There are 2 protein chains.
Amino acid sequence: MKDIKIIDVAKQADVSPATVSRVLNGSKLVNVKTRQRVMQVIRELEYIPNNMGKQLRCRKAMTLAVVVSDVLASYYAEIIKGIENMANSLNYRVLICDAQNQRQKELEFLSLLINHTVDALIMVTPSLSDEELSSYADDGYHLGVIGRKVENPRIPCSFTDNISLARDVVFHLAEQGHRKIAFLSGYMSATDSIKRLEGFIKALEEAGIPLEQSLIENGDFSEIGGYGAFKRLRSQRQDFTAVFTANDEMALGVYKACAELGISIPEQLVVVGVDNIRLTNYVVPRISSMEQPLYMLGSVLAEKLIDQMNGNRLADKRQFKLEAELIVKESSCMQI
Amino acid sequence: MKDIKIIDVAKQADVSPATVSRVLNGSKLVNVKTRQRVMQVIRELEYIPNNMGKQLRCRKAMTLAVVVSDVLASYYAEIIKGIENMANSLNYRVLICDAQNQRQKELEFLSLLINHTVDALIMVTPSLSDEELSSYADDGYHLGVIGRKVENPRIPCSFTDNISLARDVVFHLAEQGHRKIAFLSGYMSATDSIKRLEGFIKALEEAGIPLEQSLIENGDFSEIGGYGAFKRLRSQRQDFTAVFTANDEMALGVYKACAELGISIPEQLVVVGVDNIRLTNYVVPRISSMEQPLYMLGSVLAEKLIDQMNGNRLADKRQFKLEAELIVKESSCMQI
DNA sequence: CTGAAAGCGCTAACAA
DNA sequence: TTGTTAGCGCTTTCAG
């Protein structure tokens, strides 16, 4: 902790601090000879520029904050990795903010932007409305959103195409002859759930399969929710041959219910989930699932946000709609 | 982005910036009347102190960096959560650094400390030696380590008691009459693996069970490694009745091998792993496992490190050895 | 109890 | 090509 300062280097090299700064920042306006001398001194003194001084002077923290609902969810880990790797490669750092599923916390983290602790904030959380975020964005703060579409032209966003995601599932099932397909939704307040249901309905139409409201049941994205939803559904109807669950957790719940009810998968019932979590490969039969491009959602958005901060405000594309990929496994396919 | 500054507030309230600063920082040296007036102006102007200015002046970033080998590993997520929640509650922020399993990256992140981007660094990675870390700590930088014991008196550390962890497993097995217990290690370079093996050997002695070298086989903490290790072991000997794997991934490998070899668990072979990952509850039979206090490892260390930075350098306890907990499930217990 | 003034370490006009 | 100078926004002596 010697704490050499730029002035120390300057004196030792017999130049001004400005010149040292120029050398440090790779300015072309420095004599080669001088540059070498300064570099030499920098090495000798083991000088490391103090980032706080730089930040204040440049009014840039070179840091992004990412707000997630719960750092424990593996869903976020991949997104964070995407953001982190991209940010680091562009010389930015990443602050992690765990909102602990509390709207209040999400709001509090916004202060990191306002008090200039970070240059931009990425929300991967559902609580804050477009309007709330817009008021900040319109004030000139840099905000990005992952997981849903936002219409404010200042807010870049990346999200999965849930309509085509649902279509892929329905067509995969329809191709195998299924006509009675049930859908288990997540929270009805979640955009993801709404969009998947919407896509499901659209796809049925496209596939020429009549929509039956009684084949749609509410879950809540949890295993237990899926279990309950399936049981309720099954108590009403027994004629459906396939279930599309809005995520894999609910598919696990369906598995549990089927085990209890003596329904064999995929012979009597075919199941497809979303997220392709690791567990889907460890139950028998393995669960077919739609894999979201999580890493990409993170890296694409981070890149765009950083790009935008560095002046390319006019760059055209602001919304990144990425496609999920169907991973077919035994739960939805006899002949695999 | 109005960017009100302290001087603006000062003028408006007809006081000096110093007084505004005092109000902001809750100094007692302010007349109640003045304080109210200043507060009023702060609210009116919606003044938010600029953190960069504060950081530079106070020479504190109020930020910790956490370096992990791979943000995707669920193992780290819990530790990060522990650090994050504790840090936030003490008004610190957390920077996440993904070393991507590269030693070089770990080294690079140390620069965050040196250039004063963060006040302290927590290493949850294995690559850097005690000596390497010590040289920084001795220079006055604040470093903490999670996952292994470090002897430098300036470096606080938190880790699981692997000796007692292994003992708990061995005694659990011995109590059920097992005398031929196999051990599958992780990487031989990993402290965790070494300590668990050491604990295993010690515990056998304590339990009065003769040690048999041929019942110890090398794995590498991966499922495939566990699979291979078990196959090798089994090709040599068939008389053991229990396997203790250094982590759950390897236990999954054992499951796979047993399925192929027609060995039934727990009737013919009992299995115990470490980490109690979610998957252990979804295979049949569920895998008994030692659960590490990951959240605590993170929060305890963060608390200590922050405490230490704030002057309590003399506080006695520097090493936090926490106990793992045995979660008994069907893989190691017939009568469950 | 309050204010003036001096920086924290750095960069960027502006001059030379 | 280089140096001088003036801050970035804040806190904290030191006087009063």
Side-chain angles (χ1 to χ4, degrees), chain A residues 1-39 41-42 45-63 91 111-119, chain B residues 1-39 41-42 45-63 91 111-119:
Chain A
M1 200 86 93
K2 9 208 142 187
D3 263 348
I4 307 291
K5 302 183 282 191
I6 204 168
I7 185 73
D8 301 318
V9 176
K11 280 179 187 157
Q12 183 80 12
D14 205 34
V15 294
S16 73
T19 297
V20 178
S21 176
R22 290 193 188 97
V23 171
L24 249 23
N25 294 290
S27 163
K28 307 243 57 159
L29 307 172
V30 183
N31 184 297
V32 179
K33 211 74 181 142
T34 314
R35 154 168 289 116
Q36 291 180 339
R37 188 152 35 90
V38 172
M39 287 302 287
V41 174
I42 287 175
L45 266 41
E46 298 184 44
Y47 167 69
I48 305 277
N50 180 315
N51 207 31
M52 290 173 175
K54 181 163 185 154
Q55 280 184 194
L56 176 58
R57 177 61 229 231
C58 300
R59 320 201 69 208
K60 287 180 74 177
M62 296 301 282
T63 306
N91 278 308
S111 68
L112 293 174
L113 251 189
I114 302 168
N115 70 21
H116 294 101
T117 300
V118 302
D119 305 315
Chain B
M1 199 88 92
K2 8 206 146 192
D3 264 348
I4 307 293
K5 302 183 282 190
I6 204 168
I7 185 75
D8 301 318
V9 177
K11 281 178 186 159
Q12 182 82 10
D14 205 35
V15 294
S16 72
T19 298
V20 178
S21 175
R22 289 194 188 96
V23 170
L24 250 22
N25 295 290
S27 162
K28 308 243 58 159
L29 306 172
V30 183
N31 184 297
V32 179
K33 211 72 180 145
T34 314
R35 155 168 289 116
Q36 291 179 338
R37 187 152 36 91
V38 172
M39 287 302 285
V41 174
I42 286 175
L45 267 39
E46 299 183 43
Y47 167 69
I48 305 277
N50 181 313
N51 207 30
M52 291 174 176
K54 180 164 186 155
Q55 281 184 194
L56 177 58
R57 176 61 228 232
C58 300
R59 322 200 70 211
K60 287 180 74 179
M62 296 301 281
T63 307
N91 279 308
S111 68
L112 293 174
L113 250 190
I114 302 167
N115 71 21
H116 294 100
T117 300
V118 301
D119 305 316

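Below, chain A is the first sequence line, B the second, and so on; all start at residue 1. These numbers come from the heavy atoms of this one structure, side chains and all, not from hydrogens, waters or symmetry mates. Note that the coordinates shown come from a computational prediction; the quantities given were computed from them, not determined experimentally.
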If you take all heavy atoms of [X] and [Y], which pair is closest and at what distance?
| X | Y | value |
| --- | --- | --- |
| Ile48(A) | Ile114(B) | CG1-CG2, 3.6 Å |
| His116(B) | Ala61(B) | O-CB, 4.5 Å |
| Asn115(A) | Pro49(B) | CB-O, 3.3 Å |

Practice task
Work out how much the helix from dC1(C)-dG16(D) to dA16(C)-dT1(D) bends between its end axes, five pairs an end, to the nearest 10 degrees.
Solution key: 40°
Problem - Distance (rounded to the nearest 0.5 Å) between Met52(A) CE and Thr117(B) OG1 - result: 8.0 Å
Problem - Leu24(B) CG to Thr19(B) OG1 distance, which is reported to the nearest 0.5 Å - result: 11.5 Å
Problem - Pairing residues for Ser21(A) by the side-chain hydrogen bond (donor to acceptor under 3.5 Å, both in side chains) criterion, not counting sequence neighbours - result: Asn25(A)
Practice task
Give me the first and last nucleotide of DNA chain D, going 5' to 3', that has any atom under 4.0 Å from a heavy atom of chain B.
Solution key: dG9(D) to dT13(D)
Problem - Any donor-acceptor N/O pair, Asp119(B) side chain to Met62(B) backbone, under 3.5 Å - result: yes
Fill in the blank from the handout: Expected string for nucleotides 6-16 of chain C under the B/S/- scheme (protein heavy atoms, under 4.0 Å, primed atoms plus P, OP1, OP2 as sugar-phosphate) is BBBBBBBB---
Problem - DNA chain D: 5'-proximal contact among Ser16(A) and Thr19(B) (nearest heavy atom) - result: Ser16(A)
Let me have the donor-acceptor pairs involving side chains of residues 3-15 of chain A, under 3.5 Å, with sequence neighbours excluded, atom names and distances please.
residue: Asp8(A); atom: OD2; partner: Lys5(A); partner atom: N; Å: 2.7

Exercise for the section: Taking the side chain as every heavy atom from C-beta outward, state whether Arg35(A) and Val32(A) have any atom pair closer than 4.5 Å. Expected result: no
Problem - Residues which pass side-chain contact (heavy atoms from CB on, under 4.5 Å) with Asn31(B), listed by chain and number, not counting sequence neighbours - result: Lys33(B), Thr34(B)
